[in-house]
Amino acid sequence: KRLLGKVSRLSIRTGLSPQQGEALLRRDLDLIVTSDALMDANDVVRYRLFSERYLVITPKDAHKSVRTVEDVRALANSLPIVRFNRTSQVGMQIERYLRRIELRMPIRLELDNADALTSMVAEGIGWAVTSPMCLLQGAAHTSRVATHVVDNLGLERSLSLVARRDEFIAIAEET
């Protein structure tokens, strides 16, 4: 609402972080809020908004607490994983982490939408690694999932506002 008084036109899009970053660099977008801060790009400025630790969600009726990485391994042996799309920034980060802890599971169900991912877990299809913001996007289904904060999971992400250097800096700072 505040930005509408400062710009002649405002177009808001949602989508996967890699596509947003490419659109910013192509000049199709002027500002993006993203989990991919475009660290390889030189001509952008980044404003970190916040960071969040990932958590594990399971169907509500699973009843077993998931507190350690060993519990995650046990969960992976008992229930399929519901994944974020591997072309998304969140999906890529989670996949790298799962490989690092040597958890290799077949790809059975992949989604590009946090609401759909939470819905699938709520339906009992499997479990997932997600972030608090992604969980909020699936708020309609959260009463049917259990959330687990895993000690020493060591997985977090930051959301940043990214803009091209020397363009729209006042709007970026205001935002």
Side-chain angles (χ1 to χ4, degrees), residues 1-7 10-25 28-58 66-69 72 81-101 111-122 127-143 145-175:
K1 182 178 176 181
R2 287 176 49 206
L3 283 177
L4 281 172
K6 299 180 184 299
V7 298
L10 183 61
S11 175
I12 298 174
R13 300 180 202 167
T14 61
L16 300 177
S17 291
Q19 286 86 4
Q20 290 177 340
E22 291 168 11
L24 177 78
L25 297 174
D28 291 340
L29 297 174
D30 297 318
L31 307 170
I32 61 173
V33 174
T34 179
S35 58
D36 177 6
L38 302 177
M39 297 310 288
D40 292 333
N42 289 325
D43 295 327
V44 298
V45 292
R46 300 161 190 88
Y47 302 86
R48 184 158 51 167
L49 303 173
F50 66 90
S51 295
E52 60 182 350
R53 289 178 46 196
Y54 283 89
L55 38 96
V56 170
I57 59 173
T58 59
V66 182
R67 306 246 343 140
T68 68
V69 173
V72 174
I81 187 171
V82 179
R83 290 178 152 99
F84 278 105
N85 184 304
R86 287 168 294 142
T87 61
S88 71
Q89 188 68 21
V90 170
M92 287 186 286
Q93 188 179 20
I94 292 169
E95 288 304 310
R96 276 192 303 269
Y97 176 78
L98 293 174
R99 279 193 306 274
R100 191 171 72 225
I101 65 168
L111 300 150
D112 65 355
N113 175 299
D115 181 59
L117 179 122
T118 306
S119 167
M120 296 296 143
V121 173
W127 64 281
V129 178
T130 191
S131 74
M133 285 297 289
C134 290
L135 191 59
L136 280 173
Q137 290 174 351
H141 313 286
T142 56
S143 66
V145 300
T147 59
H148 309 271
V149 176
V150 179
D151 299 331
N152 302 317
L153 189 63
L155 184 58
E156 68 176 41
R157 73 172 184 159
S158 295
L159 288 180
S160 299
L161 180 118
V162 182
R164 289 184 302 280
R165 187 175 303 285
D166 302 324
E167 297 180 34
F168 302 104
I169 297 303
I171 294 294
E173 288 175 353
E174 174 83 18
T175 302

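What you see is a predicted model, and the numbers here were worked out from it, not measured in a lab.
- Nearest heavy atom pair, residue L117 against residue I57, reads CD2-CD1, 4.3 Å.
- Within a 6.0 Å sphere centred on CG of D40, other residues, nucleotides and ligands contribute 12 heavy atoms or fewer.
- In this structure, the separation between CE on M120 and CG on N113 is 9.5 Å, given to the nearest 0.5 Å.
- Rounding to the nearest 0.5 angstrom, the gap separating the CD atom in E167 from the CD1 atom in I169 is 8.0 Å.
- To the nearest 0.5 Å, the span separating OG on S131 from CD on Q93 amounts to 9.5 Å.
- Closest approach of M133 and E52 over heavy atoms only: N-OE1, 2.9 Å.
- Between the CG atom of L159 and the CZ atom of R48 there is a distance of 10.5 Å, given to the nearest 0.5 Å.
- Within the model, atoms CG of D115 and OG1 of T142 stand 10.0 Å from one another, a figure rounded to the nearest 0.5 Å.
- Judged by distance alone, with hydrogens and angles left aside, the side-chain atoms of T34 form a donor-acceptor pair with the main-chain N or O of D36 at under 3.5 Å.
- Minimum interatomic distance between A37 and V162 (heavy atoms only, all atoms of both residues): CA-CG2, 4.1 Å.
- Between I81 and L98 the shortest side-chain heavy-atom distance falls below 4.5 Å.
- A distance-only check finds no donor-acceptor pair linking the side chain of Y47 to the backbone of A163 [under 3.5 Å].
- Within 6.0 Å of CZ in R67 there are 12 or fewer heavy atoms belonging to other residues, nucleotides or ligands.
- In this structure, the separation between CZ on F84 and CD1 on I94 is 5.5 Å, given to the nearest 0.5 Å.
- Between the R164 side chain and the D43 main chain, no donor and acceptor come within less than 3.5 Å of each other.
- Contact between G154 and R100 at its shortest, heavy atoms only, is O-NH2, 3.6 Å.
- Here the side chains of N152 and V69 are not in contact, with every heavy-atom distance at 4.5 Å or above.
- Not one N or O on the side chain of R157 forms a donor-acceptor pair closer than 3.5 Å with the backbone of S35.
- Here the shortest heavy-atom pairing between F168 and L31 reads O-CD2, 4.4 Å.
- Side-chain N or O atoms of Q19 include none that pairs as donor or acceptor with a backbone N or O of S88 at under 3.5 Å.
- In this structure, T118 and Q137 have side chains that are not in contact, with every pair of non-hydrogen atoms separated by 4.5 Å or more.
- Nearest heavy atoms, A41 versus L25: CB-CD2, 4.2 Å.
- Contact annotation: the side chain of H148 never approaches that of W127 to less than 4.5 Å [non-hydrogen atoms, C-beta and beyond].
- Under the 4.5 Å side-chain criterion, counting only non-hydrogen atoms from C-beta, D30 is not in contact with I171.
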